[in-house]
Amino acid sequence: MPFTIIRNDITKVTADAVVNAANNSLLGGGGVDGAIHRAAGAGLLRECRTLGGCETGQAKVTKGYDMPCKYIIHTVGPVWQGGAHGEKELLYSCYKNSLILAKEKGCASVAFPLISSGVYGYPKDKALQVAVSAISDFLSENEMDITLVVFDKNAVSVSEKLMSDIRRYIDDNYAEEHCDSPYRSRNVFGGQMFRKAAPKAVQLSEDICAAPISFENMDETFSHALLRMIDERGLTDVQVYKKANIDRRLFSKIRSDTDYRPKKQTAISFAIALELDLEETERLLEKAGYTLSNSIKFDVIIKFFIENKMYDIFEINETLFAFDQSLIGG
Ligand code: APR
């Protein structure tokens, strides 16, 4: 997935390049800097001594040593001074210059910490906005797997208003306790749709829901429907898979294999990228054998964004992350 957010210790993350939140001396420190130097070993400090320091907003590269990466990219974030001293531009440059270096080194994957949001005091929500902005700008022109590694879950804070709107929507719509309610027009469980021949009141049970009974005969595959909708909207493939946070290779696979059945998250990502309404989304998902169910919190959150015509996949993923749900894209 081109952009994803995970919660982990960055020294445990495997990527072609891992970015260090360093200071101007490049001679180590606390936080991420200290953790990476400890994990990489003494060789890293020896090489850093040869670099002659690093300006704020700039980036320099060393080998990865004992870290699970080929390279460590050292960048120096701005110290937060209230936001009127060019902090946002300097922080944006940290991500941009690190990604340029990673691309020059031929890296296919990069892991970032949330730069400046620790010792340097940059408010985490603002730091996240800058990180997402810089990374999404880079991904609009480049192919790379970029992971934002946050140490504590509250580092990914979604606006209080959005959180309260979604919590209210979940309260109104989430039907976890009713998922075994009597038969409805469609048996939905686990996000897969089962249509029985003769509707009758049945208790949803594990076995019924475990094995797909049969999917309605679809005269158009998911892949055909997706490509048709891209054409109908006058969009290009690149525009759609970038907006869907879908890897180019995965899109090529879907385009070339007309019977390809995507994961549910992938199918939803395309619905978001195409800015489909709820009914159009359900129809597209149905082509892959899925439906949105009120008994799945992930689905309810997706329905919130679609019903409110909010199609920024980065904002959706930050929210899904905040609710401990899997992210969309592929
Ligand atoms: N893995 C992932 N994230 C981490 C880790 C880790 N092992 N350790 C800390 N973090 C998080 C922090 O919670 C924070 O959100 O990384 C973010 C950046 O925090 P810092 O490491 O303090 O970096 P920064 O705020 O940029 O300050 C840089 O701190 O460590 C010194 O030498 C460094 O002087 C420099 C300053």
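First listed ligand is number 1; within each ligand, the first listed atom is number 1.
Under the 3.5 Å distance criterion, the side-chain polar atoms of Lys70 are left unmatched by any main-chain donor or acceptor of Asp16. Checked by atom type and distance alone, the side chain of Glu286 never pairs as donor or acceptor with a backbone atom of Leu284 at under 3.5 Å. The backbone N or O of Pro262 lies less than 3.5 Å from no partner atom in the side chain of Thr266, so there is not a single donor-acceptor pair.
By the rule that hydrophobic residues join a cluster once side-chain heavy atoms approach within less than 4.5 Å of another member, Ile72 and Ile10 end up as members of one cluster.
For the pair Gly118 and ligand 1, the shortest N or O to N or O distance falls below 3.5 Å. The shortest N or O to N or O distance between Ala35 and ligand 1 is not below 3.5 Å. Residue-to-ligand polar distances place Ile10 within reach of ligand 1: an N/O pair is separated by less than 3.5 Å.
Among protein heavy atoms, atom 15 (O) of ligand 1 sits closest to Ser117 OG, 2.8 Å. Distance from atom 29 (O) of ligand 1 to its nearest protein heavy atom, with residue and atom name: Val119 CB, 3.4 Å. For atom 16 (O) of ligand 1, the closest non-hydrogen atom on the protein side is Val32 CG2, 3.3 Å. The single protein non-hydrogen atom nearest to atom 26 (O) of ligand 1 is Ser116 N, 2.8 Å, given as residue, atom name and distance. Looking at atom 36 (C) of ligand 1, its nearest protein heavy atom turns out to be Tyr120 CE1, 3.4 Å. The protein non-hydrogen atom at the shortest distance from atom 3 (N) of ligand 1 is Phe151 CB, 3.6 Å.
Residue-ligand proximity, Ala21 to ligand 1, at heavy-atom distances under 4.0 Å covers atoms 23 (O), 26 (O), 28 (C), 33 (C). Atoms of ligand 1 found under 4.0 Å from any heavy atom of Asn8 (numbered from 1 in listed order, with element): 1 (N), 2 (C). Atoms of ligand 1 lying under 4.0 Å from at least one heavy atom of Gly30, given by number and element, are 30 (O), 31 (C), 32 (O). Listed by number with element, the atoms of ligand 1 under 4.0 Å from a non-hydrogen atom of Asp9 are 1 (N), 6 (C), 7 (N). Atoms of ligand 1 found under 4.0 Å from any heavy atom of Leu114 (numbered from 1 in listed order, with element): 17 (C), 18 (C). With ligand atoms numbered from 1 in the order given, ligand 1 contributes 30 (O), 32 (O), 33 (C) to contacts under 4.0 Å with heavy atoms of Asp33.
For Lys96, the NZ atom is loosely surrounded, since the number of other residues' heavy atoms within 6.0 Å does not exceed 12. Residue Gln239 qualifies as enclosed at atom CD: its count of foreign heavy atoms under 6.0 Å is above 12.
The pair Lys264-Asp299 counts as a salt bridge, with a side-chain nitrogen and a carboxylate oxygen less than 4.0 angstrom apart. The pair Arg167-Asp171 does not meet the salt-bridge criterion, since no charged nitrogen lies less than 4.0 angstrom from a carboxylate oxygen.
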Show me, pair by pair, the donor-acceptor contacts under 3.5 angstrom made by side chains of residues 318-330, not counting sequence neighbours?
from, atom 1, to, atom 2, distance (Å)
Thr319, OG1, Glu315, O, 2.9
Gln325, NE2, Phe323, O, 3.2
Ser326, OG, Gln265, NE2, 2.7

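For Lys309, the salt bridge (charged side-chain N to carboxylate O under 4.0 Å, His left out) criterion is met by no residue, not counting sequence neighbours.
For atom 12 (C) of ligand 1, the protein comes within 4.0 Å by no heavy atom at all.
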